[in-house]
**Student:** 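I have a structure here, written as structure tokens, and I will follow up with some questions on it.
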2 protein chains.
Amino acid sequence: MNIGDVSNRTGLPAKTIRYYEDINLIKPMRDDNGYRRFREQDVHKLSFLGRARALGFTIEDCRTLLALYEDETRASADVKRIARDHLTQIEAKIADLNSMRDTLGHLIDACAGDDRPDCPILHDLGGKS
Amino acid sequence: MNIGDVSNRTGLPAKTIRYYEDINLIKPMRDDNGYRRFREQDVHKLSFLGRARALGFTIEDCRTLLALYEDETRASADVKRIARDHLTQIEAKIADLNSMRDTLGHLIDACAGDDRPDCPILHDLGGKS
DNA sequence: CTTGACCTTCCCGTCACTGGAAGCCCCATG
DNA sequence: CATGGGGCTTCCAGTGACGGGAAGGTCAAG
């Protein structure tokens with residue numbers, strides 16, 4: 001299977017697949033013409049990576065998770081710890097964004113949005129004094 | 001005022017202040033020894049930028065907002081549009097993160113987190129088949 | 001034989017900084 | 001007057017996770 005087929009099957013851009021090879025997440029074979037040749041095993045790994053990335057795990061987390069996935073003697077506690085740490089990060093980000101959304105929402109509501117210059121948004125950014 | 005004082009007063013790292021000069025957000029004077037000399041006006045602009053960045057506006061948004069801030073003939077509608085667009089982005093990000101949090105939360109709850117290898121998190125990442 | 005779709009590598013750009021090196025400037029102390 | 005330490009300068013490189021695009025090799029169809 002060539003990279004285009006793998007891209008179609010996994011939904012990952014070819015660029016991303018090459019990148020994952022660059023950083024040693026996958027090691028596809030090579031044909032005589034230099035083309036990458038992917039086995040089912042590679043496609044499976046890439047699908048795994050796609051799903052892990054979609055859950056927001058960093059590439060380094062993905063690397064670790066993939067290693068655990070392939071380690072029959074893993075402890076699920078190790079996986080759970082990574083996931084929990086990541087969840088904590090996500091929740092922190094959500095909190096940040098919620099705070100921004102609230103502030104911004106109030107300012108937008110207070111702004112007339114017409115052709116006059118008076119603007120509570122700019123007033124707030126300029127200092128609450 | 002030197003960059004260190006401005007950093008203390010605005011809370012922005014000196015590196016960031018230099019960067020903002022590099023990209024023409026501010027134009028501090030220079031002393032004979034080459035040191036940047038900041039006026040109150042510069043400090044005020046930097047505080048504005050710090051608050052706008054804290055609300056998650058991109059640098060380019062900040063540039064536009066600063067220009068509007070200094071334009072007495074602005075229309076508040078222009079400001080409001082930028083803010084609303086940004087709010088939309090924030091809400092999209094929050095939705096993404098909430099979805100990640102929910103999925104991840106369920107998986108974490110389902111994972112024993114002990115020394116056995118069975119792990120619903122990895123199982124899910126490996127494909128729901 | 002040519003066209004056009006794939007594939008390859010390589011390098012630069014993204015965004016908003018951050019770290020660090022090498023070197024100048026200024027003030028206080030011995 | 002020398003020295004030491006902190007502050008300032010510029011410049012270069014790295015971050016994360018790719019994406020764009022150039023230059024060129026490969027392959028199957030018409």
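All chains are named by letter (A, B, ...) in the order of the sequence lines, taking the proteins before the strands, and each is independently numbered beginning at 1.
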**Student:** Report the C-alpha distance between B:His44 and B:Tyr69 in whole Å, list the side-chain angles of each, state the deciding distance to 0.1 Å, and finish with yes or no for side-chain hydrogen bond (donor to acceptor under 3.5 Å, both in side chains).
**Tutor:** CA-CA 11 Å; B:His44 193 79; B:Tyr69 185 58; 3.0 Å; yes
**Student:** If I compare all heavy atoms of B:Leu12 with all of B:Leu46, which pair ends up nearest, and what's the gap?
**Tutor:** CD1-O, 3.5 Å
**Student:** Would you indicate, yes or no, if C:dT8 has its OP1 or OP2 atom less than 4.0 angstrom from a side-chain nitrogen or oxygen of A:Arg18?
**Tutor:**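 The answer is yes; a side-chain N or O of A:Arg18 sits under 4.0 Å from OP1 or OP2.
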**Student:** Can you check whether A:Tyr20 has a side-chain N or O nearer than 4.0 Å to OP1 or OP2 of D:dA17?
**Tutor:**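 Result: no.
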**Student:** Give the rounded distance in Å between these two atoms: CD1 of A:Ile3 and P of D:dG19.
**Tutor:** 12 Å
**Student:** From the options D:dC18, D:dC8, C:dC17, select the nucleotide whose nearest atom is closest to the side chain of B:Asn2.
**Tutor:**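 Of all the options, the side chain of B:Asn2 is nearest to D:dC8.
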**Student:** Hey, which of these two, B:Asp5 or A:Tyr35, hits DNA chain D nearer its 5' end, going by closest nucleotide?
**Tutor:** B:Asp5
**Student:** Any idea which heavy atoms bring B:Lys80 and A:Cys111 closest together, and the distance?
**Tutor:** NZ-O, 2.7 Å
**Student:** Return no unless some side-chain N or O of A:Arg36 is found under 4.0 Å from OP1 or OP2 of C:dT9.
**Tutor:** yes
**Student:** Write down the distance between CE (A:Met1) and C1' (C:dC6), rounded to a whole number of angstrom.
**Tutor:** 16 Å
**Student:** Starting at atom CD1 of A:Ile17, determine the distance to atom P of C:dC6, rounded to an integer number of angstrom.
**Tutor:**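 Atom CD1 in A:Ile17 sits about 14 Å away from atom P in C:dC6.
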**Student:** Output the rounded distance in Å from CG (B:Asp31) to P (C:dC24).
**Tutor:**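 Checked: the CG to P distance equals 19 Å.
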**Student:** Rounded off to whole Å, could you give me the NZ-to-C1' distance for the B:Lys93 and C:dC15 pair?
**Tutor:**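 Value for this atom pair: 11 Å.
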**Student:** Measure from the side chain of A:Arg53, starting at C-beta and using heavy atoms only, and say which of C:dT8, D:dG7, D:dC18 lies closest.
**Tutor:** D:dC18
**Student:** Under a 3.5 Å distance rule, please check whether A:Asn33 uses its side chain to pair with a backbone N or O of A:Tyr35 as donor and acceptor.
**Tutor:**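 The answer is yes, because a donor-acceptor pair under 3.5 Å joins these two groups.
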**Student:** Please find the pair of heavy atoms, one from B:Leu125 and one from A:Arg51, that lie closest to each other, and give the distance.
**Tutor:** O-NE, 2.7 Å
**Student:** To the nearest angstrom, how far is A:Glu21 atom CD from D:dA17 atom C1'?
**Tutor:** 16 Å
**Student:** Mind calculating the distance between CG (B:Asp22) and P (C:dC15) to the nearest angstrom?
**Tutor:** 16 Å
**Student:** With a 3.5 Å cut-off and heavy atoms only, can you find an N or O donor on one side and an acceptor on the other between the side chain of A:Tyr19 and the base of D:dG19?
**Tutor:** no
**Student:** A:Asn33 or A:Pro13: which one's nearest nucleotide on DNA chain D is closer to the 5' end?
**Tutor:** A:Pro13
**Student:** Is A:Thr16 close enough to D:dG19 that one of its side-chain N or O atoms is under 4.0 Å from OP1 or OP2 there?
**Tutor:** yes
**Student:** On DNA chain C, nearest-nucleotide positions of B:Phe57 versus A:Gly34: which is more 5'?
**Tutor:** A:Gly34
**Student:** Checking all strands, does B:Ile23 fall into the base, sugar-phosphate, or nothing category for heavy-atom contacts under 4.0 angstrom?
**Tutor:** nothing
**Student:** Side chain of A:Lys15 only, please: which of C:dT18, C:dA16, D:dG19 is the nearest?
**Tutor:**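 Given the options C:dT18, C:dA16, D:dG19, the side chain of A:Lys15 is closest to D:dG19.
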**Student:** Find the distance A:Ile59:CD1 to D:dG19:P and express it as a whole number of Å.
**Tutor:** 11 Å
**Student:** Within the structure, does a side-chain N or O atom of A:Arg30 lie under 4.0 Å from either OP1 or OP2 of C:dT9?
**Tutor:** yes
**Student:** Any salt bridge between A:Arg116 and A:Asp118, counting N to O under 4.0 Å?
**Tutor:** no
